[in-house]
Amino acid sequence: MTEDQLQELFTYRHRCRDGVKELRRSIVIFDEKPYFYTAKTIRVKNLNDCDTALRGIPKNCKDKDWIIQEYAQFRQRMTDLLRAQERVNAKSEMDCFYWHEENTQNITSNDEQFFKLIDKHKNAIVSHYDKAIQDLYVFKHLMVNGGLFIATRKKQDSGQDDDTYLRTIIDNRSRFFLSQEKVKFFVLDGTADIDPDYQTEYVRVLNSSQYSIPLDMSIEQSNVPASRSNLINGSSGEAIIKLVKNEITKLAANKNSGAALIITYKKIEEHFSASNVKTGHFGGVRGLNDYCDMHIVGQVGFNRQPELEYYVRYITRHPEELEHLRKMGEAGSRKHIKSMLSMKNGTFTNGEINQIMLASILSDFEQNIFRTSIRKYDNSDHVTVFTFWNSTAYAELNQMIAERYRPFGVEIIDLGVPNALTRMRTEQRAATNEDKTNPQKILNWLEQQPSGKEFKIVNMLEQIGLSNKQFQLVKDQNKYIQQEFNNMKTARRGYYCKSK
């Protein structure tokens, strides 16, 4: 939001005997989370677009040539920096370090004069590029405060191109007029107590537990490898999507509650579409009331941001981190940032950054499930939430969900690994020395038998060439096959019946 927009929002005109006075509002209410910080990205395109915009200043402006010449030098300097680092880091998948200009904090030879002229001709400038004024002030902020230099390389089948840019972090606390005691900001956000962005020294989260009511809701968790990379780029992505879709359809049918809402990654949400299924994607349903009559919601994966985003949030909690990075220099900051972004099994090794990530995911999860009828105070229908993600790697997230909702009467059900997924993994596993693994031999034999056929284990083992010891080992190691044979038991001891 520009300074002019802020001025318009936070002031009002009051007519009195002495005429019309402009007064500042003493209370401001937000119905959504405000931006406590802004992480601005600077690419070569931003530099070029601003150059184009400045050339749109009227020709009769006597200072136009000076403005263009001064900015052109800055643009060339920053473009050379970005291009040079592209070549230096061409072999790295990602490179990140703290950058700041040691010799100057200015864009031009006279920044005060430059920005006076920019503000004077802002209408002409923004008519060619609407974000030009904002970008120019961001450039100035970068020169004064420095920022993160980031270079990423295209990953195979990721759909993302190489990218090189600078990122400067702007603390927005000054926008909340903290020095003026009469100004109070109230934010109405149901996830303020868990969203890490609110955990700053100038925000006080009020306890509103007296307004809480029990929730007629259950959360049923399935252990599925549903990361973005697995579902979109993984070799088994399509099979897992189909499997999850079938699981949700089956689980929803058992609830007999009509249509279901599925929320997942934008790129694959259409794969879950069906006559009785509505779809949404992460970041696209927040605040919507479109699904407030629905009682079933499935979340496939979760809204996990790039690793660097969580480090940026860490920096906003610890502003002193930027000064530490400045003192480290390029090589030292590169090593430090790499250690802060270190991950193991999908989670950060740095405990605080990991908590920032998990709390952010939990906050987004709550926003998603409260799109359903559970958001209504007068709701009388049971709401079922199905989750599909790696419950082993993200066991801590599941624990946070349980601690969050159990006090309100929500039942947490661990469904484990779906049988269909276990079977798929069994069928896909490569054999070491033979054409098929022992579990695959058993499943293949069962597949060939007609429905309703009774058989004895000894006869099956003779036909597929396995010993009873090998069969018992398969059952011990493969829960799916173990459950299949338990389901096929008959009243006659030692006899099994192929399921219909």
| query | For T437 and K441, what are the C-alpha separation, side-chain angles and deciding distance, and is it a side chain to side chain contact (heavy atoms under 4.5 Å, CB included)? | reply | CA-CA 6 Å; T437 63; K441 291 176 182 178; over 6 Å; no
| said: Once side-chain hydrogen bond (donor to acceptor under 3.5 Å, both in side chains) is applied, do any residues pair with Y314, and if so which ones, sequence neighbours excluded? | reply: none
| request: State whether Y202 and R173 meet the cation-pi test: NZ (Lys) or CZ (Arg) under 6.0 Å from the six-membered ring centroid, and within 45° of the perpendicular axis. | output: no
| Exceeds 12 heavy-atom contacts within 6.0 angstrom, atom OH of Y35 | no
| When you check the gap from the basic side-chain N to the acidic O, do R404 and D193 get nearer than 4.0 Å? | yes
| said: Around atom CG of N345, are there more than 12 heavy atoms from other residues, nucleotides or ligands closer than 6.0 Å? | reply: no
| Does a side-chain N-to-carboxylate-O contact under 4.0 Å join D163 and R43? | yes
| query | Between E427 and R423, is the closest basic N to carboxylate O distance under 4.0 Å? | reply | yes
| said: What verdict does the ring pair (Phe, Tyr, Trp, His ring centres under 6.0 Å) test give for Y496 and F485, after you've listed the backbone C-alpha separation in whole Å, the side-chain angles of each residue and the deciding distance to 0.1 Å? | reply: CA-CA 7 Å; Y496 295 80; F485 277 89; 5.8 Å; yes
| said: Between the side chains of R204 and E201, is the shortest nitrogen-to-carboxylate-oxygen separation below 4.0 Å, so that they form an ion pair? | reply: no
| task | Please name all residues satisfying salt bridge (Lys or Arg N to Asp or Glu O under 4.0 Å) with R371, sequence neighbours left out, ordered by chain then number. | result | none
| Any chance CD of Q470 has more than 12 other-residue heavy atoms, nucleotides or ligands included, within less than 6.0 Å? | yes
| Charged N to carboxylate O under 4.0 angstrom, R334 versus E330? | yes
| request: Not counting sequence neighbours, which residues clear salt bridge (Lys or Arg N to Asp or Glu O under 4.0 Å) with E403? List them please. | output: none
